[in-house]
Enquirer: 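One structure follows; several queries about it will come next.
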Amino acid sequence: MFRHAAATRPKSYFFLAHRRQLSSQRHAFPVDFIATAIRPFPDYSPKKPAIYDAELVRSIVTALKQRRSESPDVILGPFAARFRSDHLVWAFLHLRSDPVLVGALLHWYRPRGRPVPAEALAIAAHVAVVSGEPASARRLLRDGLVSHRNFVDRVIYTYKYWCSVPSVFDLLFGAIVDINRLDEARTLFRHLVTYGIIVSADACNALLSRLTLDHMLSTFSEFQELGLRWNTKSCNVLIHGFCGAGKTGEAHRILLEMEGTVGASPDIISYSTLIDAYCRYGELLQATELFEEMGDKGLMPNAFTFNSLITLLCKNEKVVEAERVFTEMMFRGVAPDHVVYTTLINGYCKSGKLPAVYRLVEEMKNSQLVPDTVTYTALIYGLSRSGNMVEANKLFREMVGKGLSPDEVTYTALIDGYCKEGKMNDAFYLHNEMLQMGLVPNVVTYTALSDGLCKQGEVETANELLRETSGKGLELNVFTYNSLINGLCKIGNIEQAVKTMVDMEAAGLCPDVYTYTTIMDAYCKSGEMDQAHDLLREMLDKGIQPSIVTFNVLMNGFCTAGMLEDGRRLLEWMLERSIMPNSATYNSLLRHYCMEKTMKTTTKIYKEMRASGIMPDENTYNILIRGHCRARNMKEACYFHSEMIGKGFSLSRGSYNALIKGLVRKKRLTEATQLFEEMRAKNLVANREIYNIFIDINYTEQNIEMTLELCDEAIEKCLPESDLNKI
DNA sequence: CGGGAGGTCT
């Protein structure tokens with residue numbers, strides 16, 4: 001049923017509506033200003049058909065109404081030759097309460113090569129809105145907008161005669177925003193105000209969220225002054241905008257003041273957005289304070305809120321704490337979704353804790369949560385990182401099998417995995433495959449490939465690749481330059497590395513802690529401690545904070561240069577500034593004292609390390625074991641060996657050699673043989689000396705077959721003795 | 001209107 005009464009409604013209705021709006025505003029306008037400012041919608045009516053046309057239209061309409069179940073093509077076919085675009089509107093006059101038939105007529109007319117007139121599209125949209133079909137109205141409006149320059153005018157022009165309702169303008173506004181004509185949306189808002197129409201806050205929010213921060217703010221105040229009452233979502237958009245620009249202080253201010261200035265109280269999204277920003281910028285304290293505060297206000301944190309905290313903890317390599325928060329969240333009755341699981345899985349992937357990863361994947365499946373592309377990418381990345389390309393590929397196929405599409409991030413994770421293994425052919429094969437899939441490799445992909453080439457010593461090829469990358473219009477960034485600089489350092493070309501650092505500055509990129517640490521390491525390794533120190537000075541002057549790696553590089557430099565006093569001083573300097581050393585810091589010192597065969601000092605330092613709560617890593621154990629073996633402390637060596645096995649660490653080639661040699665010396669042949677077999681099973685090559693020992697033993701015991709096998713193996717695999725010291 | 005994946009230094 002169509003309500004003709006609506007046609008008389010607009011003027012007074014909107015006047016009242018507008019007054020109501022203003023009375024709740026802080027900046028009230030004089031009422032008589034509004035009374036004179038509002039103009040009525042135009043009085044238009046469709047032009048009259050000629051008798052011939054009217055009869056044609058009546059026949060068409062009758063046919064459509066009576067034969068609803070038949071295809072419009074069949075019904076309208078006979079009229080096709082005589083049908084003009086004018087007939088559309090005349091037909092709509094009879095079909096105004098029947099949006100289905102309006103749609104059918106348009107649908108039939110449209111593909112016939114002639115454009116649908118703006119007027120017909122606008123009318124069809126009004127009919128759809130009035131009949132409660134906003135989705136099709138929006139489609140029609142969008143069509144009108146893209147095909148007719150003055151479509152907005154047509155919608156306003158036809159508004160009154162077709163007894164439309166104000167929400168058509170929300171849809172029109174939304175459609176303009178959809179096609180990204182943001183200035184036009186703002187103009188429309190102002191224009192509609194002159195008719196006494198205020199576009200809804202939600203429609204305006206869609207615009208707001210697409211604007212840059214500056215425009216966002218100016219639009220917010222302008223629309224507010226024109227009579228719009230913004231809502232909580234609007235403030236959330238502003239909060240998000242400020243957060244994205246790093247202005248958490250401003251965002252926080254909105255959260256605190258929105259109730260008073262806009263009359264909209266912050267909701268769970270307002271808080272979560274700000275909490276997420278604090279987490280992103282590493283301000284855990286601020287984040288947790290807000291977390292508490294929202295609870296006090298009766299806003300319960302949800303999976304989004306918790307996820308931000310979990311992400312931050314994972315980023316800070318506190319994945320165990322992250323899981324504690326995860327457990328706490330479930331305890332509070334918040335069910336984790338697939339995103340939270342992905343966050344935590346990724347955290348464990350980064351720290352290489354695959355058993356925990358598998359446990360969470362299992363748990364996720366049991367909760368009926370479905371992993372998506374992001375989840376799979378995190379898993380593939382985790383497996384690539386731990387050198388397990390076979391499993392990574394299996395997962396890749398599994399995700400494709402499940403109908404998920406790998407994107408450029410997924411491919412890059414796999415490509416990086418191959419690069420880290422030095423399998424550059426596989427890496428480039430995947431690069432080609434992603435091109436064939438229509439995916440566009442980005443600067444991250446090329447950085448991974450370039451880094452892979454650099455690590456293979458093919459710095460020239462990497463340089464060539466990056467030239468091509470720039471040629472494609474991709475902008476190289478700090479990561480790219482750093483990996484190239486590292487490549488140059490590793491082939492011993494520090495001079496070129498420094499030149500490249502200058503290049504990157506010329507390209508407008510600031511060398512960061514990675515750049516400096518990389519070059520400092522090169523200087524340290526070539527014994528140029530003064531140069532390294534100069535660079536440290538330079539980076540401190542620039543206000544770049546050294547990382548633990550920077551200190552470790554220096555520590556390693558001091559130790560290898562035999563500047564032990566400087567090393568110890570550096571350690572104390574770090575401790576005084578509560579810069580927490582890690583296992584690598586201590587490993588340099590330990591390695592040095594082991595080489596000096598001063599195991600007493602080594603043990604003292606090791607005890608200091610444990611007392612500071614620093615867990616030894618695989619390297620630490622290998623250093624200690626080799627040291628104790630050389631000092632012939634087999635009891636200690638064996639103790640550390642069993643402890644490291646208990647933690648899932650493995651002996652290095654050097655440690656195997658040292659342990660076996662030590663055990664043989666103590667005549668503990670059973671243990672020595674067992675280790676030798678274990679070593680061979682892992683495809684690690686023993687020293688010539690060790691082979692000789694076992695060849696002798698087997699020969700003495702007349703195990704001729706074994707003797708020959710070992711001889712062959714030694715000839716095939718062992719390097720000449722002279723090269724052994726280089727390993 | 002809010003959350004999760006990939007590339008650089010020992």
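We name chains A, B, ... by the order of the sequence lines, and we start the count at 1 in each one. Just so it is clear, the values below take in all heavy atoms, side chains as well, and ignore hydrogens, waters and symmetry mates. Just so it is clear, the model here is predicted, and its values are computed rather than measured.
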Enquirer: Students often mix this up, so state it plainly: with edges at 30° and 60°, are the rings of A:Tyr621 and A:Phe649 parallel, tilted or perpendicular?
Expert: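 Tilted: the ring planes of A:Tyr621 and A:Phe649 meet at 30° to 60°.
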Enquirer: Kindly state each residue pair satisfying salt bridge (charged side-chain N to carboxylate O under 4.0 Å, His left out) with at least one member in residues 272-284 of chain A, sequence neighbours excluded.
Expert: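 As it turns out, the salt bridge (charged side-chain N to carboxylate O under 4.0 Å, His left out) pairs with a partner in residues 272-284 of chain A, which skip direct neighbours, are A:Asp276-A:Arg280.
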Enquirer: Give a yes/no verdict on base stacking between B:dT8 and A:Tyr514: centres under 5.5 Å, planes within less than 30° of parallel.
Expert: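 Yes; by the centre-distance and plane-angle rule, A:Tyr514 counts as stacking on B:dT8.
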Enquirer: Counting N and O atoms only, with roles assigned by atom type, does the side chain of A:Ser200 sit under 3.5 Å from a partner on the main chain of A:Ala203, one being a donor and the other an acceptor?
Expert: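 Present.
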Enquirer: Check this for me: does any side-chain nitrogen of one of A:Lys297 and A:Glu292 sit under 4.0 Å from a carboxylate oxygen of the other?
Expert: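 Salt bridge flag = no for A:Glu292 with A:Lys297.
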Enquirer: So what does A:Thr273 hit on the nucleic acid, given a heavy-atom distance under 4.0 Å: a base, only sugar-phosphate, or nothing?
Expert: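 Sugar-phosphate, backbone atoms only, no base.
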Enquirer: Any base atoms under 4.0 Å from A:Thr445, or only sugar-phosphate, or nothing? Heavy atoms, all strands.
Expert: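 It contacts base atoms.
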Enquirer: Check whether any side-chain nitrogen or oxygen of A:Lys455 sits under 4.0 Å from OP1 or OP2 of B:dG7, and answer yes or no.
Expert: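 Checking B:dG7 against A:Lys455, no side-chain N or O comes under 4.0 Å of OP1 or OP2.
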Enquirer: Pick base, sugar-phosphate or nothing for A:Lys315, based on heavy-atom distances below 4.0 Å to the nucleic acid.
Expert: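 A:Lys315: no heavy atom of the nucleic acid under 4.0 Å.
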Enquirer: Between atom CD1 in A:Ile519 and atom C1' in B:dC9, what is the gap in whole Å?
Expert: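 So the CD1-C1' distance, A:Ile519 to B:dC9, works out to 11 Å.
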Enquirer: Atom CG of A:Asn442 and atom P of B:dA5: how far apart are they, to the nearest Å?
Expert: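 That distance rounds to 15 Å.
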Enquirer: What are the residues of residues 480-487 of chain A, sorted by number, that bring a heavy atom to within less than 4.0 Å of DNA chain B?
Expert: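 Only A:Thr480, A:Asn482, A:Ser483, A:Asn486 qualify.
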Enquirer: Reckon A:Ser234 touches a base, only the sugar-phosphate, or nothing at all at heavy-atom distances under 4.0 Å?
Expert: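 Touches nothing.
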Enquirer: Using a heavy-atom cut-off of 4.0 Å across all strands, would you classify A:Val553 as base, sugar-phosphate, or nothing?
Expert: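 Contact class for A:Val553: sugar-phosphate only.
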Enquirer: Over all strands shown, is A:Asp407 touching base, sugar-phosphate only, or nothing at heavy-atom distances under 4.0 angstrom?
Expert: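 Here A:Asp407 touches the bases of the nucleic acid.
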Enquirer: Output the single nucleotide from B:dG3, B:dG6, B:dT10 whose closest atom is nearest the side chain of A:Ala303.
Expert: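 Selected nucleotide (nearest to the side chain): B:dG3.
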Enquirer: Does a side-chain N-to-carboxylate-O contact under 4.0 Å join A:Lys233 and A:Asp267?
Expert: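 Salt bridge between A:Lys233 and A:Asp267, a charged N being under 4.0 Å from a carboxylate O: no.
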Enquirer: Without decimals, in angstroms, what is the distance between A:Leu309 CG and B:dG2 P?
Expert: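 It works out to 18 Å between those atoms.
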Enquirer: Write out all pairs satisfying salt bridge (charged side-chain N to carboxylate O under 4.0 Å, His left out) with one or both partners inside residues 342-353 of chain A, taking only residues at least two apart or from two chains.
Expert: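 Residue pairs with at least one partner in residues 342-353 of chain A: there are none.
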